[in-house]
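Before any comments, here is the structure.
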Amino acid sequence: MSVALVKERYTSKVGEVVLGATSEQGGTRTSTVSVGGDSTLPFLHFEGQMQNRPVIAMEVNDTVPEWNEAIKSQFGDVLGNPGAWAKKCVDEFGADLIYLKLNGADPEGVNRSPEDCTRIVKEVLAAVGVPLIVVGCDDDEKNNEIMAAIAEAATGENLLLGLAEQDNYKSIAAAAMVHKHTLIARSPLDINICKQLNILINEMGLPLSKIVIDPMIGGLGFGIEYAYSIMERARLGALANDKMLSMPMICTVGYESNRCKEANASAEEFPGWGDLKDRGVLWEAMTASAMLQVGASILVMRNPAAVRLVQKNIADLMNK
Amino acid sequence: MIIFGERINGMFTDIGEALRNKDPKPLQYWAVKQQEGGAHYLDVNSGPAIPTHERVEAYEWMVNVIQEVSELPLVLDSTNYDAIEAGLKVCKRPAIINSCPAEQAKIERVFPMAMQYNAGVIGLTMDKVGIPKNSENRVAFAMELVAAADEYGMPMEDLYIDPLILPCNVAQEHAPEVLESLRQIKMLANPAPRTVLGLSNVSQKSPDRNLINRTYLAMAIACGLDAAIMDANDDDLVDVAATCQILLNRTIYADSYLKVFRAR
């Protein structure tokens with residue numbers, strides 16, 4: 001007996017966003033990355049097009065991070081050197097993008113100058129050919145300073161710059177607009193603020209095709225279901241032609257999944273939890289695959305072993 | 001919620017005069033102004049300003065001059081189907097025919113024409129005898145129109161059923177009957193036909209027109225109204241339509257939702 005599949009019909013699709021720029025497009029990337037453009041819920045290939053496969057951006061910091069040894073040991077000696085670190089992520093681990101986080105700009109820490117931050121961005125741009133995501137530290141005022149300088153110095157590269165937030169978006173949106181970059185609009189697990197922020201940024205003149213949504217997420221066991229339901233609503237909104245929710249989404253999987261005890265505590269401390277090396281990898285990979293299922297276009301990841309698993313997961317899911 | 005701007009109608013003095021003098025400016029002024037107000041379609045009606053034998057030519061002219069300034073699709077509003085057909089021939093975007101009652105002869109004239117020009121149809125829940133007093137008979141006529149759409153292969157989303165609201169100052173008992181009709185019409189088929197009202201009719205000759213329009217629009221949307229031929233430049237009325245989208249959970253809330261509703 002043949003069974004007829006029940007198919008949903010959607011009136012619209014997720015907007016497509018291009019990251020990076022090649023030399024013909026005014027940048028220096030060897031290739032660009034396109035995300036979004038999907039006309040169905042994730043991976044329902046029989047209902048619509050998954051225009052672009054989800055991509056993985058690997059985290060690189062400008063300072064040596066305080067991550068556990070199980071992760072750090074996989075990087076060897078590159079952790080103090082953003083260029084070499086980025087190159088390793090691309091060449092050895094197959095990262096589609098680099099997510100450069102400039103923690104060192106923080107006035108409470110290294111307090112790097114805007115010039116110093118710009119130099120590091122340039123170093124990473126020189127070290128790899130993939131497009132770059134650049135975000136600042138935890139200090140809004142300082143971020144506005146460094147992002148203005150970075151946006152100008154990297155004019156034409158079409159960086160993905162972050163983070164625009166509801167109470168601090170004007171300066172970075174203007175920098176992205178003037179110097180032709182793309183922008184991450186971050187909202188605190190709140191669909192209404194997410195939409196409002198996109199409206200506000202768009203009103204300033206940045207086209208919707210230059211915005212990527214960071215809905216913020218919770219890691220596995222720490223609110224992942226809230227992230228899931230919010231992203232699902234945004235995705236359904238996009239498919240129902242809500243233009244202000246139609247941008248592709250980026251999820252900080254590595255950060256969120258590795259900040260909990262379960263991803264860091266040793267087996268000696270909690271014998272029932274099993275070996276940390278495997279547990280940490282699975283914690284991040286499971287968080288990533290849940291986000292894939294609800295429409296993440298860009299996964300920001302940390303642990304190379306988890307990246308390998310998720311790369312395979314994406315390849316399997318994209319196989320029709 | 002789909003807004004059909006009602007203002008390009010020969011019943012209004014400025015449009016009537018413009019039609020007689022072949023002056024495109026007032027039509028073009030209201031085309032742009034209604035679009036800014038929030039109209040998704042522009043209703044186009046010559047009214048009695050043009051003698052019957054000149055209507056064919058008049059509709060072609062109206063469509064052309066409006067399309068010079070506006071990208072909005074049109075709702076061609078006339079009882080003269082030859083005039084509507086002349087307009088449909090020059091429409092750049094799929095239009096809507098306004099209207100067709102539940103009468104076999106007219107259905108046979110209108111529905112094939114709609115299919116030929118890829119147009120929608122506003123179907124009136126009435127026949128030669130007139131407008132029914134109750135919702136049961138309105139819904140019976142609606143069913144005939146749904147059957148006609150089905151027979152001619154018209155997708156249900158192209159059929160707009162108008163259960164015909166009358167002025168509340170003289171025919172108050174119709175207002176709740178129309179609301180009940182809206183509820184029933186949405187259950188006649190799956191997918192359901194769309195519904196529409198000539199909203200301003202509810203408040204004819206009443207001193208509190210705007211308030212009556214706004215209140216009835218909110219009530220009707222809650223009962224299943226999809227579209228209204230209405231004053232697209234009554235900002236508070238358009239705000240009611242936008243707010244209903246939020247309160248029925250059809251659009252995700254954002255603080256700027258009123259502005260977004262008007263954005264095209």
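Naming: A, B, ... by sequence-line order, numbering from 1 per chain.
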Look at atom [atom1] of [X] and say whether more than 12 heavy atoms of other residues, nucleotides or ligands are closer to it than 6.0 Å.
| X | atom1 | value |
| --- | --- | --- |
| A:Met286 | CE | no |
| B:Met219 | CE | no |
| A:Tyr226 | OH | no |

Side chains of B:Lys259 and A:Ile199 in contact at under 4.5 Å (non-hydrogen atoms) |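 B:Lys259 vs A:Ile199: side chains apart.
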Sequence neighbours excluded, the answer for side chain to side chain donor-acceptor pair (under 3.5 Å) partners of A:Ser12 is A:Asn241, A:Lys243
To the nearest 0.5 Å, how far apart are [atom1] in [X] and [atom2] in [Y]?
| X | Y | atom1 | atom2 | value |
| --- | --- | --- | --- | --- |
| B:Ser256 | A:Asn202 | OG | CG | 11.0 Å |
| A:Thr11 | B:Glu157 | OG1 | CD | 11.0 Å |
| B:Asp255 | A:Leu197 | CG | CG | 11.5 Å |

Chain B contact via A:Ile193 - side chain, backbone, both or neither, heavy atoms under 4.5 Å =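 Neither part, no heavy atoms under 4.5 Å.
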Closest non-hydrogen atom pair, A:Arg233 against B:Asn249 |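 The answer is NH2-OD1, 3.2 Å.
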Donor-acceptor under 3.5 Å (A:Asn192 side chain, B:Ala254 main chain) | no
Whether A:Lys195 side chain and B:Tyr253 backbone form a donor-acceptor pair below 3.5 Å |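 Checking the backbone N and O of B:Tyr253 against the side chain of A:Lys195, no donor-acceptor pair under 3.5 Å is found.
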